[in-house]
2 protein chains.
Amino acid sequence: MNIGQAANASGVPAKTIRYYESIGLLRPAPRSGGGYRVYDETDLSVLRFIQRARSMGFAVKDVSNLLKLWSDRERSSADVKAVAMRHIEEIDRKMAEMKSIRSTLVHLTHRCHGDDRPDCPIIDDLARNGS
Amino acid sequence: MNIGQAANASGVPAKTIRYYESIGLLRPAPRSGGGYRVYDETDLSVLRFIQRARSMGFAVKDVSNLLKLWSDRERSSADVKAVAMRHIEEIDRKMAEMKSIRSTLVHLTHRCHGDDRPDCPIIDDLARNGS
DNA sequence: GATGGTCCTTCCAGTATTGGGAAGGTCAAG
DNA sequence: CTTGACCTTCCCAATACTGGAAGGACCATC
């Protein structure tokens, strides 16, 4: 099948498939007589794997690791779990930061009238001198 | 003062100050005889404003808006509040996504032994066929 | 005045992950 | 044979910087 069919069947856009090939996440696809990339069911499985891992927020580098772990029948489940746990920690870190920012913003917006008058605690806070 | 001092006093790296100037977030700084950028207290206030807004996760484009709103004494507090509220919504969107991803990952990692055996629900889920 | 060290300058390139679009080749149908 | 859909490569845009190279400026010291 051509790249367009592979894209439709996997949910990974054709452009992104080419990009993944260019950075070495995917092996170069074999080409047809006319130079078109040709994919089979095995490639589709890989693309779907990648699509799912990316949709879970794994970075492409992590996906690369996960693909290697997937194809390694000898690897321990602990190796895979470690990748997932690191990702969870990363998510927790980001969520904590966002939560803190969010509460600051909510506090400020609650104190801001949001009417025609110019007085605004949000701007005042951003513009404050000192700490 | 030179860019280095401005960087130290504001918390915005010198390189980033130059970058902000290059994209038009900051007005081009006047230059000394030797071609060095020269900053004063007013510039410092602006840099600190930017630093705080960025640390609250506002995109550079939003910061640009906020700077304009800051310098506009006629603007209504509603305009500022709108920027902040949109940002809160964006944070909420991202947090919801992360939360959902997180719960999937936690679920999978709990079911993964994390030992020497290769059997691993995390990989199995990524590699599943169908839905 | 020469030297050294620290600061500054510009420019280029890279990070991560695509999306958009141009210019042109391939293929299947009518 | 033509049309249209699909494919190819290549370059540029976006976000928000960060690093480094090559070279100029400035200040203190020998």
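What you are looking at is a predicted structure, and each value in this text was computed from that prediction instead of being measured. Proteins come first, then strands; the chains are lettered A, B, ... in the order of their sequence lines, and each starts at number 1.
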- Should the pair A:Phe49 and A:Trp70 be assigned to parallel (<30°), tilted (30 to 60°) or perpendicular (>60°) ring geometry? parallel
- Could you walk me through whether A:Ile123 and B:Arg75 pass the side chain to side chain contact (heavy atoms under 4.5 Å, CB included) check? CA-CA 11 Å; A:Ile123 283 283; B:Arg75 96 270 181 269; 3.7 Å; yes
- Message: How many whole angstroms separate atom CZ of B:Arg18 from atom P of D:dA21?
- Response: 16 Å
- Item | Atom-to-atom span, CG of B:Leu25 to P of D:dT15 - whole angstrom | 13 Å
- Message: Distance check needed: D:dG4 P versus A:Asn2 CG, whole Å only.
- Response: 21 Å
- Query: Checking all strands, does B:Arg37 fall into the base, sugar-phosphate, or nothing category for heavy-atom contacts under 4.0 angstrom?
  - Reply: sugar-phosphate
- Where along residues 89-100 of chain A does a heavy atom come under 4.0 Å from DNA chain C, residue by residue in number order? none
- Task: Could you check how far CG of B:Leu26 sits from P of D:dC17, rounded to whole Å?
- Result: 11 Å
- Rounded to whole Å, the CD1-P distance (B:Ile3 to D:dC26) equals 16 Å
- Message: B:Cys112 and side-chain contact (heavy atoms from CB on, under 4.5 Å): which single residue from B:Ile122, B:Asp125, B:Asp119 fits?
- Response: B:Ile122
- Task: Specify the closest pair of heavy atoms between B:Asp43 and B:Tyr39, including all atoms of both residues, with the distance to one decimal.
- Result: OD2-CA, 3.4 Å
- Message: List the residues meeting side chain to side chain donor-acceptor pair (under 3.5 Å) with A:Glu21, not counting sequence neighbours, and say none if there are none.
- Response: A:Arg37
- Minimal heavy-atom distance between A:Arg31 and A:Gly35, with the atoms involved, is NH1-O, 3.0 Å
- Query: Going hydrophobic residue to hydrophobic residue with side-chain gaps under 4.5 angstrom, can you get from B:Leu66 over to A:Val106?
  - Reply: yes
- Using whole Å, report how far CD1 of B:Ile17 lies from C1' of D:dT18. 14 Å
- Which letters describe nucleotides 17-26 of chain C, given B = protein heavy atom under 4.0 Å from base, S = only from sugar-phosphate, - = neither? BBSBB---BB
- Message: Quick check: is A:Ile17 connected to A:Tyr36 through a chain of hydrophobic side chains (ILVMFWY, heavy atoms under 4.5 Å apart)?
- Response: no
